[in-house]
Amino acid sequence: MGETDLSPTKSQSYKINDFCLTICTVNGSGSATANNTIFRSLFRMGIPVSGKNIFPSNIKGEATWFVIRASQAGYLGRVEHDDMVVCMNQATILDDIKYCIPGGVVFYADHIDLPEKRDDLIYYPMPIKQLSKQANFPRDLRTYLENMLYVGIVAQVLGIDLDCVKQALDVHFGGKENVVSSNFEVIKLAADWASENLIKTDRYKVKLLPPLSDQIICDGNTAAALGALFGGVQFCGWYPITPATSLVETMIERAPQLRKDPETGKDTYAIIQAEDELAAIGMVCGAGWAGLRSMTATSGPGLSLMVEYLGLAYYTEVPLVVWDVQRVGPSTGLPTRTSQGDITMVNFLGHGDTDQIMLFPSSVNECFEFGWKALDLAERFQAPIFVLSDLDLGMNNWITKKFYYPEEPLERGKVLWEDDLERLEGDWGRYLDKDGDGICYRTVMGNLHPKAAYFARGTGHDEHALYSENPEVWKRMMDRLKKKYQTAREQLPEPIVRSKDHARIGLISLGTVDFAVIEAQDLLEKKGIMTDYMRIRALPTSVEVDKFINEHQRTYVIEANRDGQLCQILSISANYEEQRLHSIAFSNGLPLTAKWIMGQVENKEKGSF
């Protein structure tokens with residue numbers, strides 16, 4: 001059809017189920033539904049896929065991007081280039097096209113002024129306004145439904161199964177038949193137009209694969225909330241902050257279904273939005289001291305405000321859980337960008353000599369697991385447990401294995417009740433280490449034994465919680481606390497190792513960097529550089545981490561922050577030769593890529609080691 005007719009490249013080999021598609025729109029334009037429809041459709045076709053929403057911190061008007069990576073090999077990390085872009089934003093079109101690789105594809109709304117075309121790209125115009133007028137969209141829904149037009153055109157050109165598209169709409173709209181049908185009609189209109197008017201000349205296609213029947217789509221915040229609810233959380237005090245807000249909002253939504261007493265019909269939980277972060281963590285400390293399984297969710301700025309109360313919880317040994325969904329700092333920073341920048345802050349949280357227990361989920365499934373496991377660990381060790389997720393994991397949708405329901409009974413730790421105190425004839429002390437592991441016995445609200453009470457104080461105290469400024473008592477109490485964290489070291493989630501034959505180089509990471517490191521490890525192998533990879537899941541680390549470092553000539557610690565915070569913490573333990581450990585760290589608000597990691601390792605290996 002004239003200038004839009006493109007001659008097909010007969011010698012071209014297709015890339016099947018392997019591409020990166022970025023959809024470029026305006027924040028607040030209602031494109032999320034359209035973007036997730038493409039994402040879910042590919043999942044319904046059995047294709048491993050990941051989706052990242054890169055959005056501004058304002059409410060409406062700025063540019064936003066949704067990045068879909070399809071990988072038949074199962075790689076889910078970010079890539080540095082685009083194979084295809086959908087351009088719906090005039091303001092960013094030049095930059096959007098810049099990231100397209102040679103041979104890439106540009107879908108563009110034809111009411112957008114297109115700059116001079118690159119000779120190495122393939123262009124597909126999309127008559128969005130014309131099709132919108134033809135469909136006679138209601139004025140109040142026009143912007144939203146116009147987004148569905150690019151879904152239909154992209155689906156037709158790529159070969160996305162329209163039955164899968166309809167299934168994706170059905171999931172998104174909760175089976176509301178009228179809404180599903182109206183949106184699908186728009187998609188079908190656009191797909192029919194593309195079939196009749198566009199000649200496919202690009203090399204990207206999708207192919208139906210066996211269904212991913214053992215997997216679901218979920219975001220990390222939702223998984224964490226469900227894990228906490230299944231883990232028996234009883235109290236949550238919180239204050240909204242990006243990117244942690246949706247974690248507690250999911251708890252608020254799901255708790256009425258999951259946490260009612262079957263006999264009385266009464267709620268078995270309380271979730272309170274406080275006036276600020278200080279009030280929120282104060283409530284959590286009080287609830288944890290009283291014996292409730294308690295938690296909060298926040299991000300770096302909120303955690304900064306909570307430090308004084310968390311120091312109190314550390315010293316008075318109050319069990320509680322803090323989910324830190326990390327974003328870019330310092331200060332307000334980049335509220336809608338991802339980072340691993342809170343590791344050293346949490347590790348050394350509070351003034352004086354402190355230790356902290358941290359968990360690092362790398363997947364949605366681990367967010368669910370750590371949701372309940374963190375509550376168990378808090379009560380086992382009578383301490384704050386910090387779960388460090390990040391925006392990329394918390395707010396983006398991922399494919400993940402179905403959640404494993406915790407069959408283990410809730411772990412309440414060393415709690416004494418009336419009968420226990422009777423057997424002890426009242427001979428106990430709140431901070432008395434009777435078992436030699438640094439973990440003491442506690443009583444909680446509701447214990448009516450006359451010897452159950454004690455005074456929880458943040459000032460100096462002895463084994464029986466009595467006030468003391470005696471130097472020997474102070475040292476004894478602090479040494480006993482240190483012993484508790486040494487006990488914890490071997491009882492936290494173990495690191496996971498992915499080995500290659502004859503590897504002399506080690507890689508270490510944590511959290512969502514895992515996706516990029518796995519792919520980088522395979523890319524390095526293709527270049528003849530064999531590496532073993534360890535993903536750390538908790539701090540303090542077990543002896544397995546020291547063993548891994550000592551078994552390799554060099555180990556690179558890869559993380560998404562500026563200063564190599566995990567590498568610094570590992571270096572402090574100094575249970576190996578210092579020259580064995582090297583930092584690979586970077587932070588610009590976006591997830592690390594396998595290509596960048598591979599290049600960093602290659603360059604360092606060419607250096608003067």
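Between Gly589 and Arg337, the shortest heavy-atom contact is O-CB, 3.4 Å. Of all non-hydrogen atoms in Ile241 and Ser299, the two that sit nearest each other are CG2-N, 3.7 Å. Of all the heavy atoms in Ile536 and Phe360, the pair that sits closest is O-CB, 4.1 Å. Of all heavy-atom pairs between Ser294 and Ala287, the closest is OG-CB, 3.2 Å. Here the closest heavy-atom approach between residue Cys236 and residue Met251 is recorded as CB-CE, 4.1 Å. Ser339 and Asp390 make their closest contact through O-CB, 3.5 Å (heavy atoms, listed as atom of the first residue, atom of the second, distance).
The closest donor-acceptor contact from the side chain of Thr487 to the backbone of Asp437 lies under 3.5 Å. Judged purely by atom type and a 3.5 angstrom limit, Asp462 uses its side chain to pair as donor or acceptor with the backbone of His464. With hydrogens and angles disregarded, a donor-acceptor distance shorter than 3.5 Å links the side chain of Gln340 to the backbone of Ala560. No donor-acceptor pair under 3.5 Å is formed between the side chain of Asp532 and the backbone N or O of Gly506. Put simply, the side chain of Thr64 gets close to the backbone of Ile54: a donor and an acceptor are under 3.5 Å apart. The backbone N or O of Arg457 sits nowhere less than 3.5 Å from a side-chain atom of Thr459 that would complete a donor-acceptor pair. Without hydrogens or angle criteria, Arg412 side chain to Gly291 main chain gives a donor-acceptor distance under 3.5 Å. Formation of a donor-acceptor pair under 3.5 Å by the Gln326 side chain with backbone atoms of Ser389 is found in this model. Here the side chain of Tyr431 pairs a donor or acceptor atom with the backbone of Thr316 at under 3.5 angstrom. Side-chain atoms of Asn365 come within 3.5 Å of backbone N or O of Lys401 as a donor-acceptor pair.
Contact check on Arg535 versus Glu366 returns a salt bridge, with a Lys/Arg side-chain nitrogen under 4.0 Å from an Asp/Glu carboxylate oxygen. Between Arg498 and Asp522 there is a salt bridge, since a side-chain N of the basic residue sits under 4.0 Å from a carboxylate O of the acidic one. Look at Lys475 and Asp479 and you find a salt bridge, because one of the NZ, NE, NH1 or NH2 atoms lies within 4.0 Å of a carboxylate O, short of that distance. Using a cut-off of 4.0 Å between Lys/Arg side-chain N and Asp/Glu carboxylate O, Glu519 and Arg69 are scored as salt-bridged. The pair Asp95-Lys98 counts as a salt bridge, with a side-chain nitrogen and a carboxylate oxygen less than 4.0 angstrom apart.
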Quick one: do Val67 and Arg78 satisfy side chain to side chain contact (heavy atoms under 4.5 Å, CB included)? Show the steps, please. CA-CA 8 Å; Val67 184; Arg78 187 177 76 89; 5.7 Å; no

Could you give me the CA-CA distance, side-chain angles and deciding distance for Tyr239 and Thr296, then say whether side chain to side chain donor-acceptor pair (under 3.5 Å) is met? CA-CA 8 Å; Tyr239 185 77; Thr296 190; over 6 Å; no

Report the C-alpha separation of Asp83 and Leu21 in whole Å, then their side-chain angles, then the decisive distance to 0.1 Å, and conclude whether the side chain to side chain contact (heavy atoms under 4.5 Å, CB included) test is met. CA-CA 6 Å; Asp83 297 295; Leu21 167 67; over 6 Å; no

Check the pair Tyr309 / Glu277 against side chain to side chain donor-acceptor pair (under 3.5 Å), numbers first and verdict last. CA-CA 10 Å; Tyr309 267 115; Glu277 284 89 353; over 6 Å; no

Under the salt bridge (charged side-chain N to carboxylate O under 4.0 Å, His left out) rule, what do Arg504 and Glu605 come out as? Steps first, then yes or no, please. CA-CA 11 Å; Arg504 58 185 177 80; Glu605 283 299 297; 3.6 Å; yes

Using side chain to side chain contact (heavy atoms under 4.5 Å, CB included), reason through Met395 and Asn53 one step at a time and then give a plain yes or no. CA-CA 8 Å; Met395 293 191 69; Asn53 188 25; over 6 Å; no

Please step through side chain to side chain donor-acceptor pair (under 3.5 Å) for the pair Glu559 and Asn561, ending with a clear verdict. CA-CA 6 Å; Glu559 49 192 310; Asn561 53 62; 2.9 Å; yes

Assess the residue pair Thr443 and Trp428 against the criterion (side chain to side chain contact (heavy atoms under 4.5 Å, CB included)); give the C-alpha distance rounded to whole Å, side-chain angles, the decisive distance to 0.1 Å, and a yes or no. CA-CA 10 Å; Thr443 57; Trp428 81 288; 3.6 Å; yes

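The neighbour count for Trp289 CH2, taken as heavy atoms of other residues, nucleotides or ligands under 6.0 Å away, does not exceed 12. Atom CD of Glu472 is surrounded by 12 or fewer heavy atoms from other residues, nucleotides or ligands within 6.0 Å. In the displayed structure, Gln273 atom CD is contacted under 6.0 Å by more than 12 heavy atoms of other residues, nucleotides or ligands. Heavy atoms of other residues, nucleotides or ligands lying less than 6.0 angstrom from NZ of Lys500 number more than 12. The environment of OH in Tyr99 is sparse: at most 12 heavy-atom neighbours from other residues, nucleotides or ligands sit within 6.0 Å.
Residue Arg327 holds its CZ atom at 6.5 Å from OG1 of Thr242, rounded to the nearest 0.5 Å. The CE atom of Met295 sits 7.0 Å away from the CG atom of Leu375 when rounded to the nearest 0.5 Å. Between the SG atom in Cys20 and the CD1 atom in Ile68 there is a gap of 9.0 Å [rounded to 0.5 Å]. Summarising the geometry, atom CE belonging to Met345 is positioned 4.0 Å from atom CG belonging to Leu303; distances are rounded to the nearest 0.5 Å. The distance from atom NZ of Lys402 to atom CG of Asp214, rounded to the nearest 0.5 Å, is 7.5 Å. Thr400 OG1 to Asp219 CG: the interatomic distance, rounded to the nearest 0.5 Å, is 11.0 Å.
Counting only heavy atoms from C-beta outward, the side chains of Leu359 and Ile385 approach each other to under 4.5 Å. Between Glu308 and His351 there is no side-chain heavy-atom pair separated by less than 4.5 Å. Side chains of Arg580 and Asn550 form a contact here, defined as non-hydrogen atoms less than 4.5 Å apart. No side-chain heavy atom of Met598 sits under 4.5 Å from any side-chain heavy atom of Lys526. The shortest distance between side-chain heavy atoms of Pro240 and Glu249 does not fall below 4.5 Å. Within the 4.5 Å cutoff, no side-chain heavy atoms of Glu379 are placed close to those of Glu411. Residues Val328 and Leu391 fail the side-chain proximity criterion, which asks for heavy atoms closer than 4.5 Å. Looking only at side-chain heavy atoms (C-beta outward), Val233 and Tyr269 stay at 4.5 Å or farther from each other.
Aromatic ring pairs are classed by plane angle as parallel below 30°, tilted from 30° to 60° and perpendicular above 60°; the pair Phe368 and Phe403 is parallel. Ring-plane geometry between Phe515 and Trp398 is classed as parallel, the angle between the planes falling under 30 degrees on a 0 to 90 degree scale with a further cut at 60.
Between Trp474 and Tyr315, the gap from one ring centroid to the other is short of 6.0 Å.
Test Arg442, Arg430, Lys484, Lys414 against Glu317 for salt bridge (charged side-chain N to carboxylate O under 4.0 Å, His left out) and you get one pass: Lys484. The one candidate from Pro495, Ser499, Ser509 that meets the side-chain contact (heavy atoms from CB on, under 4.5 Å) condition with Met534 is Pro495.
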